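Taking it in order: structure first as structure tokens, then the write-up.
Residue indices begin at 1 and follow the sequence shown. Small disclaimer: the values here were computed from a predicted structure and weren't measured.
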Amino acid sequence: MKEQKIIIKKIKKQSAAGHHGGSWKVAFADFVTALMAFFLVMWLVTMVSPEKRARIAAYYKHFSLFDQSGSSFMEDNSEIMKESGGESSKVPQEFGESNSDIMSKEDLREMLKREIEAKLADVKDQIIVDMFEGGVRIQMVDKEGNPLFALGSANLSSNAKKILNVIAENVKGIENKVSIEGHTDAISYSSNKYTNWELSTDRASAARRELENNGLNPDRLSRVAGYAATEPFVKDNPNDPKNRRISIILMYPSNKPVQEMK
């Protein structure tokens, strides 16, 4: 009887999905989804107005999961808790309709500076934003060759209107009281019937009307006044063009008279 040969066949099994499998498709889909979400968020941020962006930033700056769980930056609360030296202090509601309406002086100043840099680059050297004990002050100053008002009148220049428009857009959404002051240089008029007192007051009123035309609530106004040349910006040169200016003051609790510029 002949010896039978035993033949062994080795069969290699191949994956139906190919050499690398299908896991890369899942990873790629996750990446595309995350990328779409990122661009959607960026687009939504650009569509939000500057004052609302400032409110959102202020909300998250002071947000606490344990103190404000379930609240929203759009909700109407009777008071806001702010961090101060490790303790919480209440800010009176009269300065805002909700938590989001109350910004710290530092946040407000930085927000205004960013908007001025972005939208008023050509005249930013004529806008000064600073803080004092009672609030935030925005000063629009004259410049040789680029005045805010026509000579000896309260007629606003096109640049002055542009500046006031940007200021109004950024402060009309908050509820701080507003004071508007007009200032002139020391050059006097030959006639006593219309002096720098009347001129500075008329210019402050013109700025008020322009702010109101751009959305500022008139109920927020606490003072509109002219100071003539009694508070010069450049103290050692009373005739300097920078002394001709408009000051817009956003007031905060425990206001005290505006301190002299140093």
Side-chain angles (χ1 to χ4, degrees), residues 109 112-113 115-116 119-171 176-214 216 218 220-252 255-262:
R109 180 190 60 182
L112 288 169
K113 285 186 174 181
E115 290 299 305
I116 291 167
K119 299 179 180 179
L120 298 169
D122 55 332
V123 290
K124 66 180 182 180
D125 60 333
Q126 291 182 250
I127 310 168
I128 302 163
V129 183
D130 68 338
M131 295 187 305
F132 64 102
E133 189 171 1
V136 175
R137 172 173 42 201
I138 310 164
Q139 299 203 87
M140 303 163 46
V141 301
D142 249 3
K143 180 181 179 181
E144 198 68 45
N146 192 18
L148 298 175
F149 295 90
L151 181 63
S153 80
N155 295 326
L156 290 161
S157 68
S158 58
N159 277 338
K161 291 181 178 181
K162 182 169 66 173
I163 294 171
L164 290 168
N165 176 48
V166 172
I167 293 173
E169 285 297 317
N170 284 278
V171 304
N176 304 64
K177 290 291 186 180
V178 178
S179 173
I180 304 174
E181 301 174 351
H183 301 271
T184 68
D185 56 25
I187 300 175
S188 59
Y189 291 87
S190 58
S191 172
N192 291 327
K193 294 182 179 179
Y194 192 77
T195 67
N196 281 335
W197 289 103
E198 286 81 17
L199 180 60
S200 60
T201 302
D202 289 345
R203 287 179 171 178
S205 294
R208 171 192 61 80
R209 288 191 296 270
E210 190 67 21
L211 288 170
E212 290 179 4
N213 290 338
N214 285 282
L216 180 70
R220 291 174 56 192
L221 292 168
S222 64
R223 181 175 72 249
V224 179
Y227 289 83
T230 60
E231 297 181 5
F233 184 81
V234 182
K235 293 179 172 54
D236 57 352
N237 184 6
N239 295 335
D240 192 290
K242 288 184 179 180
N243 292 324
R244 304 190 295 266
R245 69 194 190 279
I246 295 293
S247 296
I248 301 167
I249 300 169
L250 301 164
M251 302 168 68
Y252 275 74
N255 282 336
K256 293 184 179 181
V258 178
Q259 302 296 320
E260 290 186 358
M261 297 286 295
K262 293 183 180 180

Just verifying a value: how many Å separate [X] [atom1] and [Y] [atom2], rounded to the nearest 0.5 Å?
{"X": "R109", "Y": "M131", "atom1": "CZ", "atom2": "CE", "answer": "4.0 Å"}
{"X": "M140", "Y": "N159", "atom1": "CE", "atom2": "CG", "answer": "9.0 Å"}
{"X": "T184", "Y": "N239", "atom1": "OG1", "atom2": "CG", "answer": "10.0 Å"}
{"X": "R203", "Y": "R244", "atom1": "CZ", "atom2": "CZ", "answer": "7.0 Å"}
{"X": "Q139", "Y": "D130", "atom1": "CD", "atom2": "CG", "answer": "6.0 Å"}
{"X": "I249", "Y": "N176", "atom1": "CD1", "atom2": "CG", "answer": "12.5 Å"}

Check [X] against [Y] and note the closest heavy-atom contact, atom names and distance.
{"X": "K124", "Y": "A121", "answer": "CG-O, 3.4 Å"}
{"X": "Y227", "Y": "S200", "answer": "N-OG, 3.3 Å"}
{"X": "A225", "Y": "A204", "answer": "O-CB, 3.5 Å"}
{"X": "K143", "Y": "D125", "answer": "NZ-OD2, 2.8 Å"}
{"X": "N170", "Y": "V166", "answer": "ND2-O, 2.8 Å"}
{"X": "N214", "Y": "E169", "answer": "O-OE2, 3.9 Å"}

Non-hydrogen side-chain atoms of [X] and [Y] separated by less than 4.5 Å:
{"X": "L211", "Y": "L221", "result": "no"}
{"X": "L156", "Y": "F149", "result": "yes"}
{"X": "I128", "Y": "R245", "result": "no"}
{"X": "N165", "Y": "K161", "result": "no"}

Looking at [X] and [Y], would you say the former's side chain and the latter's main chain have a donor-acceptor pair under 3.5 Å?
{"X": "D185", "Y": "D240", "result": "no"}
{"X": "S157", "Y": "P147", "result": "yes"}
{"X": "N243", "Y": "N237", "result": "yes"}

*Would you call E198-K193 a salt bridge at under 4.0 Å N-O?*
no
*Test I248 against L164 for side-chain contact (heavy atoms from CB on, under 4.5 Å), laying out the working first.*
CA-CA 10 Å; I248 301 167; L164 290 168; 3.7 Å; yes
_Determine whether V171 and V178 satisfy the following criterion, side-chain contact (heavy atoms from CB on, under 4.5 Å), listing intermediate values before the conclusion._
CA-CA 10 Å; V171 304; V178 178; 5.7 Å; no
_Test side-chain contact (heavy atoms from CB on, under 4.5 Å) on F233 and H183; report intermediate values, then the result._
CA-CA 9 Å; F233 184 81; H183 301 271; over 6 Å; no
*asked:* For K162 and D122: C-alpha separation, side-chain torsions, deciding distance, then whether side-chain contact (heavy atoms from CB on, under 4.5 Å) applies.
replied: CA-CA 11 Å; K162 182 169 66 173; D122 55 332; 2.8 Å; yes
*Residue from R223, R137, R220 passing side-chain hydrogen bond (donor to acceptor under 3.5 Å, both in side chains) with S179*: R223
